[in-house]
Protein chains: 2
Amino acid sequence: MLPKPKEKLDPRVKRTRSLILQAFSDLLAEKGFESITVQDVTDKAQVNRATFYAHFADKYALLDSFISQLFRQEIEKRTLNACHYTPENLKNLIIAVCEFLSTTHSNCAQPHQQFESLVEGTIKNQIFELLTLWLQQTKTKISTDIPATVATWAIYGLASHYSHHKKRPALETFVDEALPLVAINLEQFA
Amino acid sequence: MLPKPKEKLDPRVKRTRSLILQAFSDLLAEKGFESITVQDVTDKAQVNRATFYAHFADKYALLDSFISQLFRQEIEKRTLNACHYTPENLKNLIIAVCEFLSTTHSNCAQPHQQFESLVEGTIKNQIFELLTLWLQQTKTKISTDIPATVATWAIYGLASHYSHHKKRPALETFVDEALPLVAINLEQFA
DNA sequence: TGAAATTTGTTGGATAAACAACACTGGAGC
DNA sequence: GCTCCAGTGTTGTTTATCCAACAAATTTCA
């Protein structure tokens with residue numbers, strides 16, 4: 001979640017990572033995650049297979065990195081990464097997750113069960129980390145774990161619900177209706 | 001001119017060369033060749049400057065490679081690289097050079113004197129090599145050097161003339177008129 | 001003009017990527 | 001059951017790229 005303090009990274013590793021991630025992204029648009037092999041990725045990325053394993057433990061770690069990176073971009077685009085808890089920010093976070101899941105579904109060829117639940121785990125981790133960051137800035141002595149967990153699951157659930165709707169209602173309307181139910185649990189941090 | 005017999009090249013080498021060439025191409029669209037430094041190229045290509053010198057002697061060698069590669073593509077697109085001399089092929093060659101110079105002028109920001117004459121040298125070498133290849137397939141005992149030289153200069157001159165015209169006549173018309181003057185010198189190889 | 005800054009071309013040592021093996025797993029077909 | 005095949009994950013070695021430093025040439029500009 002935190003953008004690392006501008007560490008200078010060897011251009012070779014930046015290049016390799018970005019080649020692998022781009023190839024993976026292209027492949028996801030073509031076929032299902034389960035049918036993608038490490039071979040496929042390294043072939044398309046024009047990178048040696050051994051090099052892949054120097055960067056990622058396996059294709060699941062790759063998926064995790066890929067999804068995390070995309071989600072972080074969505075968050076940073078809305079400057080939600082360096083702020084604190086307010087109902088307004090919470091609303092924008094919910095919107096971000098909704099839009100993220102929607103575009104993910106339209107960009108990926110065959111979102112099957114395994115794929116979806118892997119994405120779910122990754123995104124919920126990201127949401128939880130972000131919320132924890134927000135809540136701890138209130139310097140409260142209250143533990144943030146429980147509220148953050150509840151909110152995380154609620155937010156993801158809402159976004160999942162929204163993004164699976166065939167005929168989606170206007171996002172604004174949807175979020176306005178849902179926001180209070182989540183906000184009530186975080187009231188003490190406002 | 002000849003496509004090397006499918007040598008397997010280290011992916012890193014291919015990658016680096018292509019990064020450098022692409023960066024150079026982009027820079028040429030922005031500013032004049034004389035004002036482009038090796039620094040500029042390696043910065044844009046995200047490649048170390050020392051690595052540049054492992055591939056090219058200097059920026060003039062880079063320009064030569066770049067122009068040669070573009071021209072070879074133009075030739076291969078018209079399958080003129082694996083054939084012999086006929087007036088028809090000669091006509092297509094003239095057309096190719098005309099179009100190449102035209103697009104070069106429209107893609108490069110500031111075609112100054114030095115740039116133009118460097119391109120001229122590179123292209124004339126390419127034309128000469130191609131013509132020599134064509135003429136030697138006739139297995140004649142006649143030396144091909146003189147006729148190939150004359151034709152090379154004539155062709156480049158025509159294309160240069162054509163591409164500098166503000167209001168260009170139809171390429172077909174122009175070439176039809178010019179072709180006989182060049183072909184007459186190569187008659188003995190037809 | 002002359003001093004300062006930029007660019008060039010080169011070097012030696014450090015590191016990432018390529019490559020060619022290897023043993024292992026799991027599934028498909030017989 | 002069995003073999004065969006495709007994919008996995010790892011290893012040792014070689015090679016390309018990175019990096020920081022350097023002297024020399026060139027450009028800038030006061």
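Here is how names work: the chains are called A, B, and so on, in the same order as the sequence lines, proteins then strands, and each is numbered from 1. Just so it is clear, the structure is predicted and the values come from calculations on it, not from any experiment.
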* Asked: If the sugar-phosphate is the primed atoms plus P, OP1 and OP2 and the base is the rest, what is the B/S/- string for nucleotides 7-15 of chain C, using protein heavy atoms under 4.0 Å?
  -> SBBBB---B

Quick one: does [X]'s side chain have a donor or acceptor within less than 3.5 Å of a partner on [Y]'s backbone?
X: Ser160(B); Y: Tyr156(B); answer: no
X: Thr132(B); Y: Phe128(B); answer: yes
X: Asp43(B); Y: Asp40(B); answer: no
X: Trp153(B); Y: Lys124(B); answer: no

* Could you check whether Arg17(A) gets within reach of a base, just the sugar-phosphate, or nothing at all, counting any heavy atom under 4.0 Å? => nothing

Over how many whole Å does the gap from [X] atom [atom1] to [N] atom [atom2] extend?
X: Leu19(A); N: dA17(C); atom1: CG; atom2: P; result: 10 Å
X: Lys14(B); N: dA18(C); atom1: NZ; atom2: C1'; result: 12 Å
X: Asp43(A); N: dC19(C); atom1: CG; atom2: P; result: 12 Å
X: Asn48(A); N: dT15(D); atom1: CG; atom2: C1'; result: 12 Å
X: Ile20(B); N: dT17(D); atom1: CD1; atom2: C1'; result: 11 Å

* Asked: So, for Phe71(B) and Phe100(B), which heavy atoms are closest and what is the spacing to 0.1 Å?
  -> N-CE1, 3.6 Å

* To do: Five pairs at each end of the helix from dT1(C)-dA30(D) to dC30(C)-dG1(D): take the axis at both ends and give me the angle between them to 10°.
  => 50°

* Asked: Judged by modelled atom types alone, do Asp26(A) and Gln22(A) share a side-chain donor-acceptor pair under 3.5 Å?
  -> yes

* Asked: Side chains of Val182(B) and Leu158(B): does their closest heavy-atom pair fall under 4.5 Å?
  -> yes

* Does the salt bridge (Lys or Arg N to Asp or Glu O under 4.0 Å) test come out yes or no for Arg72(A) and Glu129(A), once each step is laid out? -> CA-CA 11 Å; Arg72(A) 257 182 261 120; Glu129(A) 279 185 40; over 6 Å; no

* Structure fact -> Testing dT17(D), dA17(C), dC19(C) for proximity to the side chain of His55(A), the answer is dA17(C)

